[in-house]
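These notes concern the structure reproduced below.
Along the sequence shown, the residues carry numbers beginning at 1.
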Amino acid sequence: MFSTNNGLLTSSTTNNNRDLRPIIIYSNVESNKLKILSNNKGRVAIYMWTVILLGKRYVGSSVDLSNRLKIYFSKAPLNQHKNSYIYKALLYYGYSAFTLFILEYIDTSNLSKEQSRKLIL
């Protein structure tokens with residue numbers, strides 16, 4: 001079950017069983033950029049970008065999701081790494097063509113950054 005709050009959909013269930021049901025869905029990535037960045041500051045997470053019309057997906061993980069998302073929202077890094085499927089798709093389709101799903105937040109408070117990286121991979 002999902003509820004909506006200012007363009008942000010949230011799941012009413014937790015994601016303890018590691019299925020791929022998202023816990024947060026950002027349905028309008030372009031207009032929710034600032035909210036996406038602030039909501040995910042310093043969070044360790046597994047996320048998924050989906051091209052709305054095509055259903056193509058990219059799944060990734062990050063030990064600092066806000067910093068990773070800043071890269072996605074900046075054209076310069078996207079242009080530097082044109083071999084990346086997600087970077088090419090973001091440049092080609094634009095942010096309004098995507099939905100961003102947060103699949104899981106991971107508590108790594110007792111782990112080093114390296115241990116956190118290994119855990120999310």
Exercise for the section: Could you tell me which residues satisfy side chain to side chain contact (heavy atoms under 4.5 Å, CB included) with Glu114, sequence neighbours excluded, listed by chain and number? Expected result: Ser112, Arg117, Lys118
Which residues pass the side-chain hydrogen bond (donor to acceptor under 3.5 Å, both in side chains) test with [X], not counting sequence neighbours?
X	value
Ser31	Asn28
Arg57	none
Tyr105	Asn40
Ser38	none

Exercise for the section: Flag yes if more than 12 heavy atoms outside Leu54 fall under 6.0 Å of its CG atom; otherwise flag no. Expected result: yes
Exercise for the section: Count the heavy atoms belonging to other residues, nucleotides or ligands that lie under 6.0 Å from CG of Asn79, then report whether that count exceeds 12. Expected result: yes
Handout entry: Side-chain heavy-atom pair Pro22, Ile25 within 4.5 angstrom cut-off
Key = yes
Handout entry: Joint cluster assignment, Ile52 & Met48, ILVMFWY side-chain distance < 4.5 Å
Key = no
How far does [atom1] of [X] sit from [atom2] of [Y], to the nearest 0.5 angstrom?
X	Y	atom1	atom2	result
Ile106	Ile46	CD1	CD1	4.0 Å
Lys33	Lys70	NZ	NZ	10.0 Å
Ile23	Glu104	CD1	CD	7.0 Å
Ile24	Tyr26	CD1	OH	4.5 Å

Exercise for the section: Go through the steps to decide whether Phe73 and Leu78 satisfy the test side chain to side chain contact (heavy atoms under 4.5 Å, CB included), and finish with yes or no. Expected result: CA-CA 8 Å; Phe73 286 121; Leu78 298 182; over 6 Å; no
Distance-only criterion, 3.5 Å: show the donor-acceptor pairs between side-chain atoms of residues 84-102 and protein atoms not counting sequence neighbours.
from	atom 1	to	atom 2	distance (Å)
Ser84	OG	Tyr87	N	3.4
Tyr95	OH	Tyr72	O	2.6

Could you tabulate the donor-acceptor pairs under 3.5 Å formed by side-chain atoms of residues 62-69, not counting sequence neighbours?
from	atom 1	to	atom 2	distance (Å)
Ser62	OG	Asp64	N	3.1
Ser62	OG	Asp64	O	3.0
Asp64	OD1	Gly42	N	3.3
Asp64	OD1	Ser66	N	3.4
Asp64	OD1	Asn67	N	3.4
Asp64	OD2	Asn67	ND2	2.9
Ser66	OG	Leu37	O	3.1
Arg68	NH1	Tyr47	OH	3.2
Arg68	NH1	Ser61	O	2.8

